[in-house]
Number of protein chains: 2
Amino acid sequence: MSQSSDTTSYKDIKQTVLDRIRSGVWKPDTLLPNEQALALEFSCTRTTVNRAMRELAEEGFLERRRKAGTRVLRAPHRQARFTIPLIRDEIEAQGGAYRYALVSAETVDAPEWLTARLALKQAQRVVHVRCMHYSNNTPFQFEDRCIVVQSVPQVEQADFSTLGPNEWLVETVPFTNVELAFLASRADEVVAGFLDVPRDEPVFTAERITWLQGQPVTFAKLYFAAGYRMTTRF
Amino acid sequence: MSQSSDTTSYKDIKQTVLDRIRSGVWKPDTLLPNEQALALEFSCTRTTVNRAMRELAEEGFLERRRKAGTRVLRAPHRQARFTIPLIRDEIEAQGGAYRYALVSAETVDAPEWLTARLALKQAQRVVHVRCMHYSNNTPFQFEDRCIVVQSVPQVEQADFSTLGPNEWLVETVPFTNVELAFLASRADEVVAGFLDVPRDEPVFTAERITWLQGQPVTFAKLYFAAGYRMTTRF
DNA sequence: ATATCCATTTTGTGTAGACTTTAAGTTTTT
DNA sequence: AAAAACTTAAAGTCTACACAAAATGGATAT
């Protein structure tokens, strides 16, 4: 099917199963034949069928339960996968020239809202960095970030004048858990100034909280330039 | 490790490998031992190692190339996975009572912008539906959708007075390709009215184009209520 | 120096078979 | 009835082995 080979591959099976779902041969809620039977039909081993079905389940098309069998999901709970690239990569991928500029960097006491937001045990020192990312010298993103000193002590020696805090963190604390939120916010004086948009302009915004093994590391607000769209296909 | 079993499972291997990456034993760009060697180390078969490493690669931690081997990715290209639920499910999941209300439904000629946007060969008839989704009787989402008649002829007989067009489409055309974009837009007169927010309020907005085997089926703009956040963890 | 070819290594995927784990359904007991 | 115990079907995972496919790095030819 996919290759002009003599054996049936798990990819062939995936394709065939998808086709049957598409064409309505196997409608939502249908209980599919078990792996044994499918292996017989496709004249391959159960191992191969298993891989095909397992992947289709992971992709959100099927639901599998031991003893109960495999059925077609009625409302495809399809998952959108956004790849979150480094901003430099994102800009360069669309052919722009990336430029970074530090706005400010200072060590301060964490404000109350941040203490609450990160569920810090007590008030902590944080490095507060603000910076800009440009594509072809037009504003692309304004970044406003706090990094918890206790979690990443090296941050006090870090130099953010040429390297952005995100890239620095990726190098320094490569392995993290993330909570990411997208929302629409309103450009205040500061954001409007940096992004070169009118005040009160709607701004696509991402909030990103990062932990390292349960320890909150950083809170970032990323304000995108006017007209930014975050896109995916599936 | 995970189970108190006597065999090494692919999950154990995944965990161990992740730990080594976390702890810096295997730093970014490190070339890992090949599957043979790992199988020996974990005293299991190469098949088991293969599954562990394959999944870690899929999850964005490793890069694998034939002959070149497996290496740790420097900037974890981790992917955010958003599950896009039916809006009814989303509302009910957070404990709200879902209510749907049709605003308008009419068959019209596709406006030019839509013809261009969907790359229609010629101007087509479309069903234009506008409707509201409420959570506990507060506005949650305003939906403005066009459905291409030629692609889904049954739509002209559809009754959207009690069933939302999205749910109808999921039932009728279960299998589709989707392009999804998120952006921040500004509430115009209409949107502001329906969402009960001031004019010019920033509104988190999703645009969704759906195809069925290459045929454009529907274009939808989904305006979310004030303060909506789309969240994910990874 | 440059381009082409080729051997070898490493991952990718298949077969065949066994044992394990979960949970649906049935039967039995309370 | 309701709860507990049992049976059993289905997916989940492992072993052991084989061959395929890709692509690197060196060897060879231009």
Side-chain angles (χ1 to χ4, degrees), chain A residues 1-18 20-21 26-74 77, chain B residues 1-18 20-21 26-74 77:
Chain A
M1 200 154 209
S2 65
Q3 309 297 314
S4 57
S5 148
D6 51 343
T7 61
T8 308
S9 113
Y10 76 98
K11 286 180 181 168
D12 301 332
I13 298 178
K14 283 179 74 172
Q15 195 52 57
T16 305
V17 171
L18 279 180
R20 287 187 189 170
I21 297 175
W26 285 339
K27 295 203 192 316
D29 278 331
T30 308
L31 188 66
L32 303 196
N34 69 30
E35 295 186 346
Q36 283 269 322
L38 289 171
L40 208 65
E41 182 195 334
F42 292 112
S43 39
C44 63
T45 54
R46 191 167 79 83
T47 317
T48 303
V49 173
N50 180 275
R51 176 156 181 197
M53 305 303 263
R54 174 160 40 82
E55 291 194 359
L56 285 172
E58 227 159 64
E59 290 161 25
F61 298 104
L62 303 176
E63 194 212 16
R64 319 192 76 201
R65 265 165 34 239
R66 282 164 160 156
K67 165 80 184 178
T70 300
R71 54 182 65 244
V72 180
L73 280 180
R74 58 160 194 71
H77 269 219
Chain B
M1 200 153 206
S2 65
Q3 309 297 318
S4 57
S5 149
D6 51 344
T7 60
T8 310
S9 107
Y10 76 98
K11 286 181 181 169
D12 301 332
I13 299 178
K14 283 179 74 171
Q15 194 52 57
T16 305
V17 171
L18 278 179
R20 287 187 191 170
I21 298 175
W26 284 339
K27 294 202 194 314
D29 277 331
T30 308
L31 188 66
L32 304 196
N34 68 31
E35 296 187 344
Q36 284 268 321
L38 289 172
L40 208 66
E41 182 194 334
F42 291 112
S43 37
C44 63
T45 53
R46 191 168 79 81
T47 316
T48 304
V49 173
N50 180 277
R51 175 154 182 197
M53 305 303 263
R54 173 160 41 82
E55 291 194 358
L56 285 172
E58 226 160 63
E59 290 161 25
F61 297 104
L62 304 175
E63 194 212 16
R64 320 193 75 202
R65 262 161 41 234
R66 281 165 160 155
K67 165 79 184 179
T70 300
R71 54 182 66 241
V72 180
L73 279 180
R74 58 163 192 69
H77 269 219

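Please read all numbers here as calculations on a predicted model, not as lab measurements. Throughout, a chain's letter reflects where its sequence line sits, starting with A, and its residues are numbered from 1.
Across the protein-nucleic acid pair, Arg71(B) atom CZ and dT11(C) atom P stand 11 Å apart, rounded to whole Å. Rounded to whole Å, the distance from CG on Leu62(A) to P on dG12(D) is 11 Å. Summarising the geometry, the separation between CZ on Arg46(A) and C1' on dG14(C) is reported as 15 Å, rounded to the nearest angstrom. Taking atom CD on Glu63(B) and atom P on dT24(D), their separation rounds to 10 Å, with Å as the unit.
Counting only heavy atoms from C-beta on, Thr47(B) has its side chain closest to dT15(D) among dT11(C), dA24(C), dT15(D).
With sequence neighbours left out, Leu18(B) forms a side chain to side chain contact (heavy atoms under 4.5 Å, CB included) with Phe175(A), Arg22(B), Leu56(B), Phe61(B). Partners of Arg54(B) according to the salt bridge (Lys or Arg N to Asp or Glu O under 4.0 Å) rule, which considers only residues two or more places apart in sequence or in another chain, do not exist here. Annotation: side-chain hydrogen bond (donor to acceptor under 3.5 Å, both in side chains) contacts of Arg46(B) (sequence neighbours excluded): Glu35(B). Every residue meeting the side chain to side chain contact (heavy atoms under 4.5 Å, CB included) condition with Ala68(B), not counting sequence neighbours, appears here in chain and number order: Arg65(B). Legend: residues meeting salt bridge (Lys or Arg N to Asp or Glu O under 4.0 Å) with Glu41(B), ordered by chain and number and at least two apart, are Arg20(B). Applying the side-chain hydrogen bond (donor to acceptor under 3.5 Å, both in side chains) test to Thr45(A) and every residue at least two apart in sequence or in another chain returns Thr48(A). Partners of Leu31(A) under the side chain to side chain contact (heavy atoms under 4.5 Å, CB included) rule, at least two apart in sequence or in another chain, are Arg71(A).
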With the criterion being N/O to N/O and under 3.5 Å, what pairs connect the protein with nucleotides 25-27 of chain C, and how long is each?
none

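Proximity of Arg64(B) to the phosphate of dG12(C): a side-chain N or O atom is located under 4.0 Å from OP1 or OP2. Between Thr8(A) and the phosphate of dG14(C), there is no side-chain N or O to OP1/OP2 separation shorter than 4.0 Å. In this structure, Thr70(B) reaches the dT11(C) phosphate: one of its side-chain N or O atoms is under 4.0 Å from OP1 or OP2. Between Tyr10(B) and the phosphate of dT13(D), there is a side-chain N or O to OP1/OP2 separation shorter than 4.0 Å.
Sorted by residue number, the members of residues 48-55 of chain B with any non-hydrogen atom under 4.0 Å from DNA chain D read Thr48(B), Arg51(B). Of all the residues in residues 34-42 of chain B, Asn34(B), Glu35(B) reach under 4.0 Å from DNA chain C with at least one non-hydrogen atom.
If one axis is set at each end of the helix from dA1(C)-dT30(D) to dT30(C)-dA1(D) from five pairs, those axes are 20° apart, to 10°.
No hydrogens or angles were tested; on distance alone, a donor-acceptor pair under 3.5 Å links the side chain of Arg66(B) to the base of dT11(C).
Judged by distance alone, with hydrogens and angles left aside, the side-chain atoms of Thr8(B) form a donor-acceptor pair with the main-chain N or O of Phe42(B) at under 3.5 Å.
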